[in-house]
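For the numbers below, each heavy atom of this structure counts, side chains included, while hydrogens, waters and symmetry mates do not. Throughout, numbering of the chain's residues begins at 1 and tracks the sequence.
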Amino acid sequence: MSTAIEDFLRDNSSHDKEPARSHDSASNHPTRMVPLPDEITSQLDALGRRIRLLAVTRGALRAVVALVAGLGVGMLIDWQLNLPVSIRLGLLLTAVTPAAVVFWRTGLSAAVRKPSYPELAAVVERLHPDLQERLSTALEFTAEQNDFTSASSDFMLARLRSEAVNCARKIDFLSAVPTQPIHRAGCWSLAAVLLWLAPAVFWPNQYSLLLQRFAMPWANLERAAAFEIVVPDGDRTTPRGDDVAIRAELVWHHRADASDFPPGEVRLNWTSESGAHGSRAMIFDHQPTSEHATDTADPFAAGQPGESVSSPLYFDATVSRVTDNIAYYVSLGNYDSRVYRLQVADRPKVTQTSVHVQPPAYTGLPAARFGGSIEQLTVFERSIVQLTVNFSHAVSEAEFDWQALPGKEESGNATTVTLAPDGLSTVIEFTAVEAARFQLALVDHQGIRNDEAFSGRVTIETDQPPRLTFNQETPDRVRPNETVPLAATAEDDFGVTALELHYVLGQGEEASPGDFAAEASRLDGVSVSQSFELNLASLGARAGQIVTYRFRAADNRPIPGPQEVWSPPQIIAIHEDAPPLEGLQLARRQDAIREQIQELK
């Protein structure tokens with residue numbers, strides 16, 4: 001800084017202490033104002049602005065040097081010692097506060113006060129003594145009230161003004177404050193900054209981390225070292241009561257420092273939310289699996305483009321039965337990794353279940369709704385089942401899986417799962433086709449999974465085929481002109497839709513099939529009986545032929561279709577010498593009467 005500015009600053013510091021001239025006494029005397037041209041005052045204004053700008057610039061440059069020195073010393077201390085947050089915060093304040101004081105005292109305090117015209121004129125006259133203080137004297141008469149003796153005259157004042165203006169027009173006022181000292185100060189400040197940043201050229205990662213750690217002492221950052229220890233997925237949420245496996249990776253920043261073995265004991269340190277502390281050594285994994293192998297390529301890590309660091313070293317430790325939130329870090333010697341947070345949360349659980357069962361419409365069975373334990377659920381075949389499950393807290397996923405019973409490849413129960421918008425319940429709907437086990441897995445919004453939230457078994461009550469009975473006392477030999485009565489009864493749990501007699505007259509190429517069906521008005525009941533008459537004469541039966549017949553019954557199951565049953569084939573031989581059918585029927589009626597009489601005795 002030039003001598004003019006130094007003198008100006010000293011004048012500023014002493015000016016505030018000197019008593020101001022008495023304006024009260026001057027106000028009792030006449031005032032003579034001698035104004036100067038605008039070209040003079042504009043130059044003085046420009047000079048004042050330059051002085052204040054240079055003062056601020058000088059203060060800023062000195063503050064930069066002070067700040068860089070403070071940061072350098074503080075970062076060096078933090079590099080050598082593993083300092084806690086409070087001490088690093090104190091070092092940061094120690095580095096920033098002196099720089100702020102220097103900036104205020106050497107720059108800002110001088111810039112906030114606008115110098116007067118006489119003071120600016122004094123700066124110019126020191127560089128140009130040939131002015132012989134004409135400019136400052138004229139300005140004093142212009143700016144202040146003065147006492148004039150009776151000998152004073154306007155002529156003297158005008159002449160003083162004229163001489164001052166003529167001399168000032170030949171001078172560049174800004175030359176009174178040269179900028180070369182500011183340039184030198186800027187060079188020194190730039191040199192200090194470059195010296196402070198020089199280590200970043202050789203150790204970019206460590207120096208950047210060291211700077212962040214010192215500038216933000218409250219941030220969760222590991223200590224700067226030749227290596228770095230990280231825990232992938234270190235901040236996570238785990239189910240309450242589970243064992244937590246923690247794997248740390250040690251990565252060297254420089255290939256020259258790399259080693260295939262840890263440089264010391266790696267320890268896992270933790271503190272629970274309740275205040276409990278723990279520490280244990282981590283086990284070095286000599287042969288990590290391929291899923292943990294990495295090929296790290298960081299062109300800045302080793303300081304040379306394209307050069308990669310060595311493969312990480314892996315360390316494992318397990319914290320058993322974690323029931324409380326914990327904060328943990330990994331240490332190696334005086335190195336500490338950043339602090340990781342392990343949150344503990346309860347697994348999502350099933351709190352309530354209810355079931356609505358709608359049997360198929362053809363059965364006529366009523367719908368049923370029940371709750372409570374449904375680990376064993378028995379429903380009718382092809383019933384539509386709605387299973388409503390409520391949870392202990394909101395979940396993001398509900399996975400419902402069928403597990404086929406032994407002997408089955410897979411379950412054929414088509415299922416839809418609808419999760420409520422609030423995640424507190426789900427509705428599982430399926431059509432019960434096959435017996436199977438089921439299992440419900442839940443995943444909440446924190447990623448906590450419960451694979452055994454709910455399980456059970458569905459047993460199917462199948463629709464049984466109809467039951468068919470028929471008169472088995474039909475004679476096995478009849479005459480060709482006989483009419484043979486054939487009776488049958490079909491019964492079903494829900495309805496009979498068909499009862500038929502099917503016959504074949506003859507054999508081989510001469511066979512002539514035919515059938516009779518029960519009357520439609522007699523169907524759709526749960527029990528249907530029908531007597532069919534087989535008129536052999538109308539069928540053209542001849543002696544020596546045979547008639548093969550059997551009954552068919554079907555129920556009302558719509559899907560996948562009605563169930564049908566057939567009676568065993570029955571054979572009637574046609575002979576001319578067969579006993580009359582009417583006589584046989586009369587004998588059977590007599591036998592039945594005798595049996596009834598015997599029962600009454």
Side-chain angles (χ1 to χ4, degrees), residues 78 82-85 88 205-206 208-210 212-213 216-254 257-298 300-301 308-345 444-449:
D78 188 35
N82 191 7
L83 301 177
V85 174
R88 282 187 282 133
N205 289 351
Q206 298 98 308
S208 175
L209 177 61
L210 183 63
Q212 294 179 55
R213 176 181 166 92
M216 298 182 295
W218 54 87
N220 184 14
L221 298 171
E222 67 272 17
R223 189 183 177 200
F227 54 84
E228 180 183 9
I229 297 180
V230 296
V231 180
D233 194 26
D235 295 313
R236 63 182 187 268
T237 303
T238 187
R240 189 183 306 276
D242 277 14
D243 295 343
V244 179
I246 297 175
R247 164 161 284 223
E249 299 180 4
L250 187 152
V251 181
W252 297 95
H253 290 300
H254 295 277
D257 297 330
S259 172
D260 293 334
F261 297 95
E265 184 181 47
V266 178
R267 298 193 64 84
L268 176 67
N269 311 275
W270 71 88
T271 302
S272 68
E273 200 171 57
S274 60
H277 299 274
S279 178
R280 67 180 52 177
M282 302 188 75
I283 301 175
F284 176 46
D285 188 354
H286 294 267
Q287 296 178 341
T289 57
S290 59
E291 65 182 76
H292 294 122
T294 59
D295 185 12
T296 306
D298 184 358
F300 300 102
S308 61
V309 298
S310 62
S311 299
L313 304 181
Y314 298 96
F315 303 86
D316 298 303
T318 300
V319 183
S320 303
R321 298 186 59 82
V322 179
T323 59
D324 200 3
N325 298 336
I326 64 173
Y328 68 95
Y329 65 93
V330 180
S331 62
L332 173 56
N334 60 357
Y335 169 89
D336 292 341
S337 72
R338 79 172 184 86
V339 178
Y340 296 92
R341 306 286 177 181
L342 190 64
Q343 304 292 328
V344 178
D444 64 14
H445 294 283
Q446 301 181 84
I448 300 299
R449 186 179 184 90

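- Nearest heavy-atom pair, V330 versus A248, reported as atom, atom and distance to 0.1 Å: CG2-CB, 4.2 Å.
- The heavy-atom pair separating E249 from P232 by the smallest distance is OE2-CG, 3.4 Å.
- How far CG of D324 is from OG1 of T271: 11.0 Å, rounded to the nearest 0.5 Å.
- Using a distance-only test at 3.5 Å, with no hydrogens or angles considered, no donor-acceptor pair links the side chain of D285 to the main chain of F315.
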Could you go step by step and tell me if D235 and R341 meet the salt bridge (Lys or Arg N to Asp or Glu O under 4.0 Å) rule?
CA-CA 5 Å; D235 295 313; R341 306 286 177 181; 6.0 Å; no
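- No side-chain donor-acceptor contact under 3.5 Å links S331 and D336.
- One finds the OG atom of S279 at 14.0 Å from the OH atom of Y328 (value rounded to the nearest 0.5 Å).
- Across all their heavy atoms, I229 and Y335 have their closest contact at N-OH, 3.1 Å.
- Note that CZ of F227 and CG of L332 are 4.0 Å apart. Values are rounded to the nearest 0.5 Å.
- The shortest non-hydrogen separation linking I448 to A345 is CG1-CB, 4.3 Å.
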Between V244 and R236, is a side chain to side chain contact (heavy atoms under 4.5 Å, CB included) present by the stated rule, with each step listed?
CA-CA 11 Å; V244 179; R236 63 182 187 268; 3.2 Å; yes
Give the intermediate values and the outcome of side chain to side chain contact (heavy atoms under 4.5 Å, CB included) for residues D316 and I246.
CA-CA 6 Å; D316 298 303; I246 297 175; over 6 Å; no
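- Taking CZ of F284 as the start and CE of M282 as the end, the distance is 12.0 Å to the nearest 0.5 Å.
- Judged purely by atom type and a 3.5 angstrom limit, R280 uses its side chain to pair as donor or acceptor with the backbone of T318.
- The ring-ring contact (aromatic ring centres under 6.0 Å, His included) pairs that include a residue from residues 228-249 number zero, where partners must be two or more places apart or lie in different chains.
- For the atom pair L268 CG and I326 CD1, the distance stands at 7.0 Å (nearest 0.5 Å).
- Judged by distance alone, with hydrogens and angles left aside, the side-chain atoms of N325 form a donor-acceptor pair with the main-chain N or O of V344 at under 3.5 Å.
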Chi angles and distances behind the side chain to side chain contact (heavy atoms under 4.5 Å, CB included) call for D242, R321:
CA-CA 5 Å; D242 277 14; R321 298 186 59 82; over 6 Å; no
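- Atom CH2 of W252 is separated from atom CD of E228 by 12.5 Å, given to the nearest 0.5 angstrom.
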